[in-house]
Colleague: 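Supplied in structure tokens, the structure appears directly below.
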There are 2 protein chains.
Amino acid sequence: MKRKITLKQIAQELDVSISTVSKALRNSAEISDDTKQKVQAFAKLYNYRPNNIALSLKNRRTNTIGIIIPEIVHHFFSNVISGVEHVANKRGYNVIIGLSNESFSKEVINMEMLANGSIDGFILSIAKETQKLQDYHHFNETMSQGMPIVMFDRVVAEINCDKVIVDDFNGAKKAVEKLIKNNCKSIALITTNDYVSVGKLRTQGYLEAFEENGITAEPKLILKIDDTLDNETQLDVLENEIEQLFKSNKSIDGVFAVNELYALLAMKVATKLGLEVPEDVQVIGFTDGVLSKHSTPRLTTVRQHAHRMGEMAAQLLIDKLESEYDTIDEEFQTVVIPTELIERESTK
Amino acid sequence: MKRKITLKQIAQELDVSISTVSKALRNSAEISDDTKQKVQAFAKLYNYRPNNIALSLKNRRTNTIGIIIPEIVHHFFSNVISGVEHVANKRGYNVIIGLSNESFSKEVINMEMLANGSIDGFILSIAKETQKLQDYHHFNETMSQGMPIVMFDRVVAEINCDKVIVDDFNGAKKAVEKLIKNNCKSIALITTNDYVSVGKLRTQGYLEAFEENGITAEPKLILKIDDTLDNETQLDVLENEIEQLFKSNKSIDGVFAVNELYALLAMKVATKLGLEVPEDVQVIGFTDGVLSKHSTPRLTTVRQHAHRMGEMAAQLLIDKLESEYDTIDEEFQTVVIPTELIERESTK
DNA sequence: TTGTATGCGTTATCAA
DNA sequence: TTGATAACGCATACAA
């Protein structure tokens with residue numbers, strides 16, 4: 001077991017000083033060609049690579065991005081990470097992940113853990129609990145220490161930082177308009193509680209589409225699901241709620257769901273109740289997920305472009321990190337990623 | 001913008017030496033209660049936290065685990081990461097990810113990037129291209145530098161390190177036995193090319209189940225798919241191949257697929273050809289994925305326990321990292337995670 | 001009880 | 001052309 005070789009060791013072997021070795025390896029003009037050759041050959045032989053940690057300490061930058069997300073076992077978030085990683089790697093950065101698990105305290109702890117020198121900046125999406133508690137002190141604290149943050153998807157107006165969001169409002173609106181144009185007369189909405197920012201925006205898009213088309217929204221057609229409990233055991237509960245929605249509103253001929261699972265369950269329930277999709281009920285979901293691609297019938301969805309969001313977030317962050325004049329550049333931008341309606345088989 | 005405070009700054013403010021501050025903060029008995037109080041109060045006020053990078057350099061350990069996987073947008077891998085993260089965090093480690101994208105060179109580059117001091121050890125699953133090329137020098141090199149590696153799922157016998165694998169062979173065997181017991185007479189196999197280690201093992205399990213039951217395997221019932229091309233555009237090609245399989249073997253009444261997608265497509269094709277699942281054809285897949293949970297009918301699968309694999313890999317790695325006598329402990333183990341047959345609606 | 005010196009691996013400044 | 005020294009932030013052996 002041979003430890004990685006250091007400048008010091010090379011210097012000793014070659015009987016020169018450490019700084020000479022350092023300069024030789026960086027091809028400094030100060031060093032004679034002779035020594036350079038000698039040093040470089042030796043370094044190559046022993047596969048010398050500068051130690052990242054030492055560099056980080058010296059340069060006060062780690063070339064590492066921290067990403068904090070609520071969960072990773074989720075198509076949307078893993079896609080975002082993939083986008084972040086793509087840009088980060090291309091620009092010479094590593095990515096370190098922290099999972100909040102939708103918990104406020106884990107989010108805080110994770111951020112503190114990483115903020116102590118491990119990373120140069122954060123990309124994050126806020127945990128549900130944090131959104132609920134509306135306690136954002138940890139974001140402000142890290143930023144006041146000069147560590148930039150880019151928020152994506154689940155953002156919050158109170159924090160002044162770069163943001164990347166999906167056009168939830170218009171995405172939802174366009175989806176509902178599509179249903180209206182397709183002649184749906186009774187369009188249900190399956191959404192989450194309002195404290196989830198994206199759920200709220202998508203709900204507003206639904207309402208706006210109604211308004212612009214002179215339709216009055218009926219509260220009984222709106223099902224708000226408490227998604228603090230959306231794990232496996234709750235699947236039946238969920239399905240049941242949706243079934244009740246259908247049963248007490250036989251008129252329903254269109255459904256807009258704010259995520260993939262709700263949309264799929266809506267299709268399932270509809271089929272179970274003897275309705276055909278899309279003949280009797282048309283369904284649209286809001287997602288990048290895989291379920292919709294492989295469901296029967298395949299689900300029409302509003303695409304979020306998660307991968308692109310990740311790329312954009314990474315780009316914003318790294319640009320900020322590498323902007324020399326960080327005093328001037330203290331204006332933040334919010335990039336809106338347009339959605340795209342992917343028409344598949346669950347709509348006419 | 002106030003930079004994070006350092007020992008040096010505290011020392012200056014309080015007019016004591018750096019080492020006094022350091023000791024006071026670690027509650028050393030050497031320091032008077034008076035100074036301790038003073039220092040600790042000040043540190044608390046300014047929210048002092050030791051700089052991770054400096055600690056890493058000093059201690060020659062980063063408390064960070066590197067994880068290299070072929071892709072992250074995949075239920076199996078994101079589940080593994082989640083397991084790794086769970087254990088790692090609990091034991092005070094961070095997780096940094098690198099994606100090989102199934103490419104050999106990206107795998108090598110990523111590992112080199114992280115091996116230069118950024119992490120203490122690797123958890124990884126080998127890229128398809130690497131398996132194909134059978135070039136494993138980068139694994140041996142990192143290990144010879146004293147950096148431990150734990151491989152999971154896609155492992156390779158040539159490399160001597162800790163491994164965590166699914167019991168692919170027996171999982172597949174049990175699945176096929178289940179089909180046999182359920183009275184299937186003509187069981188097809190949809191698998192990958194042999195260089196994918198897990199595909200190979202699952203194929204062997206299929207064959208073994210046949211043999212033990214005195215059934216002769218028919219080559220024409222085995223469909224090997226070139227999964228270097230399994231992106232979106234190839235979906236139709238894939239479906240077509242499976243359709244041909246069914247058409248040229250009308251007798252098929254059972255299918256075992258080595259992954260989720262193949263199983264789902266088999267069900268889709270069967271349905272399209274007028275066959276009912278599970279009445280006419282029974283289908284079992286090999287997966288932890290979400291598709292199977294929400295398909296119609298819901299797919300019977302061999303569960304891999306990806307999350308547990310991640311936990312186990314992290315545990316093995318951290319145990320190794322923290323074992324004092326690393327000379328003694330130079331024996332490697334291979335942990336086999338048992339599979340579990342989840343019976344759902346695609347089998348009788 | 002406190003402080004000084006050293007080292008982790010690197011680079012940059014300045015002196016030789 | 002080369003080398004000694006300091007600094008990044010921290011911990012610790014040793015000296016005072």
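Because the structure is a prediction, the values reported are computed rather than measured. Each chain gets a letter, A, B and so on, in the order the sequences are listed, and its residues count up from 1.
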Colleague: Rounded to whole Å, how long is the line connecting atom CZ of Arg3(B) with atom P of dC8(D)?
Modeller: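 It is 12 Å, rounded to the nearest whole Å.
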Colleague: When you measure from the side-chain N and O atoms of Lys4(B) to the phosphate of dG9(D), is any distance below 4.0 Å, counting only OP1 and OP2?
Modeller: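 Checking dG9(D) against Lys4(B), no side-chain N or O comes under 4.0 Å of OP1 or OP2.
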Colleague: Taking atom P of dT2(D) as reference, at what distance in whole Å does atom CD of Glu30(A) sit?
Modeller: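 Rounding to the nearest Å, CD of Glu30(A) and P of dT2(D) are 10 Å apart.
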Colleague: Using distance alone, with no hydrogens and no angle criterion, decide if Thr62(B) and Asp120(B) have a side-chain donor and acceptor under 3.5 Å apart.
Modeller: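 Yes, a side-chain donor-acceptor pair sits under 3.5 Å.
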Colleague: Ignoring hydrogens and geometry beyond distance, is a side-chain donor-acceptor pair present between Lys4(A) and Asn51(A) at under 3.5 Å?
Modeller: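 Looking only at side-chain atoms, Asn51(A) and Lys4(A) do not form any donor-acceptor pair under 3.5 Å.
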Colleague: Is the closest side-chain donor-acceptor distance between Ser17(B) and Thr20(B) under 3.5 Å?
Modeller: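 Yes, Thr20(B) and Ser17(B) have a side-chain donor paired with an acceptor closer than 3.5 Å.
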Colleague: Gln145(A) CD to dG9(D) P: how many Å, rounded?
Modeller: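 Taking CD of Gln145(A) and P of dG9(D), I get 14 Å after rounding.
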Colleague: Could you work out which one of dT11(C), dT2(C), dC10(D) sits closest to the side chain of Asn51(B)?
Modeller: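 Of the candidates, dC10(D) comes closest.
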Colleague: Is the shortest side-chain N/O distance from Arg60(A) to OP1 or OP2 of dA7(D) below 4.0 Å?
Modeller: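 No, Arg60(A) has no side-chain N/O under 4.0 Å of OP1/OP2 on dA7(D).
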Colleague: Report which part of the nucleic acid Lys58(B) touches: base, sugar-phosphate, or nothing (heavy-atom distance under 4.0 Å, all strands).
Modeller: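 It contacts base atoms.
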Colleague: For DNA chain D, which residues in residues 10-29 of chain B have a heavy atom at a distance below 4.0 Å?
Modeller: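 Contacts with DNA chain D under 4.0 Å: Ser19(B), Ser22(B), Lys23(B), Arg26(B).
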Colleague: Please compare Ile5(A) and Ile31(B) by the position of their nearest nucleotide in DNA chain C and report the one closer to 5'.
Modeller: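 Its nearest nucleotide being more 5', the pick is Ile31(B).
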Colleague: Please state whether the phosphate of dT1(C), meaning OP1 or OP2, lies under 4.0 angstrom from any side-chain nitrogen or oxygen of Lys36(B).
Modeller: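 The answer is no; no side-chain N or O of Lys36(B) sits under 4.0 Å from OP1 or OP2.
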Colleague: Given atom CG of Leu55(A) and atom P of dG9(D), what is their separation to the nearest angstrom?
Modeller: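 Distance check: Leu55(A) CG to dG9(D) P gives 15 Å.
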Colleague: Considering just the side-chain nitrogens and oxygens of Ser32(B), establish if one lies under 4.0 Å of OP1 or OP2 belonging to dT2(C).
Modeller: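 For dT2(C), OP1 or OP2 has a side-chain N or O of Ser32(B) closer than 4.0 Å.
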Colleague: Determine, for Lys163(A) against Asp153(A), whether the closest basic-nitrogen to carboxylate-oxygen distance falls under 4.0 angstrom.
Modeller: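 Asp153(A) and Lys163(A): not salt-bridged.
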Colleague: What is the distance, to the nearest angstrom, from the CZ atom on Arg49(B) to the P atom on dG9(D)?
Modeller: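 Distance, rounded to whole Å: 17 Å.
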Colleague: Under 4.0 Å, counting only non-hydrogen atoms across every strand here, what does Thr35(B) touch: a base, just sugar-phosphate, or nothing?
Modeller: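 The residue Thr35(B) makes sugar-phosphate contact but no base contact.
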Colleague: Taking NZ, NE, NH1 and NH2 as the nitrogens, is one of them in Arg154(A) or Glu102(A) under 4.0 Å from a carboxylate oxygen of the other?
Modeller: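 Salt bridge present between Arg154(A) and Glu102(A).
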Colleague: Could you tell me whether the side chains of His138(A) and Glu112(A) share a donor-acceptor contact shorter than 3.5 Å?
Modeller: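 There is no such pair between these side chains.
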Colleague: Does the side chain of Glu311(B) pick up a donor-acceptor pair with the side chain of His86(B) at under 3.5 Å?
Modeller: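 Short answer, yes.
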Colleague: Starting at atom CD of Gln37(A), determine the distance to atom C1' of dT2(D), rounded to an integer number of angstrom.
Modeller: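 Distance check: Gln37(A) CD to dT2(D) C1' gives 18 Å.
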Colleague: Report yes or no: do Ser32(A) and Thr35(A) form a side-chain donor-acceptor pair below 3.5 Å?
Modeller: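 Per modelled atom types, Ser32(A) and Thr35(A) side chains form a pair under 3.5 Å.
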Colleague: How many whole angstroms separate atom CG of Leu57(A) from atom C1' of dA12(C)?
Modeller: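 Distance, rounded to whole Å: 15 Å.
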Colleague: On the nucleotide dG9(D), are OP1 or OP2 found under 4.0 Å from the side-chain N or O atoms that Tyr48(B) carries?
Modeller: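 So the side-chain polar atoms of Tyr48(B) never come under 4.0 Å of the phosphate oxygens OP1 or OP2 of dG9(D).
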Colleague: Round to the nearest Å and state the distance from Lys8(A) atom NZ to dT11(C) atom P.
Modeller: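 Rounded to the whole Å, the gap is 15 Å.
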Colleague: Taking only the side-chain heavy atoms of Ala54(A) (C-beta and beyond), determine which of dA11(D), dG9(C), dT2(C) contains the nearest atom.
Modeller: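 Among dA11(D), dG9(C), dT2(C), the one nearest the side chain of Ala54(A) is dG9(C).
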Colleague: OP1 or OP2 of dC8(D) sitting under 4.0 Å from any side-chain N/O of Thr6(B)?
Modeller: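 No, Thr6(B) has no side-chain N/O under 4.0 Å of OP1/OP2 on dC8(D).
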